[in-house]
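As the structure is a prediction and not an experimental result, all values here were calculated from the model. Worth knowing before you read on, the calculation uses all heavy atoms, side chains too, and leaves out hydrogens, waters and symmetry mates.
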Amino acid sequence: MTMKTINVSELKTHLSRYLRLAARGTRIVVTDRDDPIAQLGPLEASDAVAWRERLSREGRLRLGTQAWASLPDSTA
């Protein structure tokens with residue numbers, strides 16, 4: 001796993017870039033005046049839950065039962 005160290009102003013300036021790096025597996029240590037204050041990185045596989053599953057567990061969404069992949073293609 002790759003690790004990168006940046007300061008707060010660099011993170012603020014290029015936040016999207018560093019979030020993409022973190023999503024791809026890079027650990028990013030954020031420093032303020034050379035003191036490490038935070039770490040960005042990818043979620044562990046057990047922490048990453050699809051939004052549908054999370055809302056279903058919270059009782060805010062009822063998952064459908066249709067097997068969409070088995071439906072015939074109607075574009076032809």
Side-chain angles (χ1 to χ4, degrees):
M1 182 180 306
T2 307
M3 183 172 258
K4 184 167 184 70
T5 303
I6 60 170
N7 62 31
V8 173
S9 61
E10 174 71 11
L11 178 64
K12 287 168 49 175
T13 303
H14 301 287
L15 179 61
S16 295
R17 176 193 307 169
Y18 290 112
L19 291 177
R20 280 192 302 275
L21 284 172
R24 293 181 189 138
T26 302
R27 290 265 174 218
I28 300 163
V29 176
V30 182
T31 62
D32 184 18
R33 296 180 182 93
D34 296 326
D35 292 326
I37 60 168
Q39 180 174 317
L40 298 174
L43 289 174
E44 299 298 324
S46 62
D47 294 338
V49 177
W51 64 270
R52 289 180 190 91
E53 181 66 27
R54 181 178 49 81
L55 291 177
S56 175
R57 289 180 187 172
E58 294 172 1
R60 297 172 47 194
L61 176 71
R62 186 171 35 183
L63 297 175
T65 58
Q66 179 67 46
W68 295 102
S70 67
L71 294 176
D73 186 10
S74 62
T75 59

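Counting only distance, with no hydrogens or angles, the side chain of Thr26 and the backbone of Met3 share no donor-acceptor pair below 3.5 Å.
Rounding to the nearest 0.5 angstrom, the gap separating the CG atom in Asn7 from the CG atom in Asp32 is 8.5 Å. One finds the CZ atom of Arg60 at 14.5 Å from the CZ atom of Arg52 (value rounded to the nearest 0.5 Å). Rounded to the nearest 0.5 Å, atoms CD (Glu10) and CZ (Arg17) are 6.0 Å apart. Here the CZ-OG1 distance, from Arg27 to Thr2, works out to 11.5 Å after rounding to the nearest 0.5 Å. To the nearest 0.5 Å, atoms CG (Leu61) and CD (Glu53) are separated by 9.5 Å. Rounding to the nearest 0.5 Å gives a distance of 11.0 Å between CZ of Arg24 and CG of Leu19.
Smallest separation of non-hydrogen atoms from Tyr18 and Ile28: O-CD1, 3.2 Å. The heavy-atom pair separating Pro42 from Gly25 by the smallest distance is CG-CA, 3.7 Å. Taking all atoms of both residues into account, the shortest heavy-atom contact from Pro36 to Asp34 is CD-O, 3.7 Å.
Note on Val29: it does not cluster hydrophobically with Leu40, by side-chain heavy-atom contacts below 4.5 Å among ILVMFWY residues. Residues Leu55 and Leu63 fall within the same hydrophobic cluster, defined by Ile, Leu, Val, Met, Phe, Trp and Tyr side chains chained together at heavy-atom separations under 4.5 Å.
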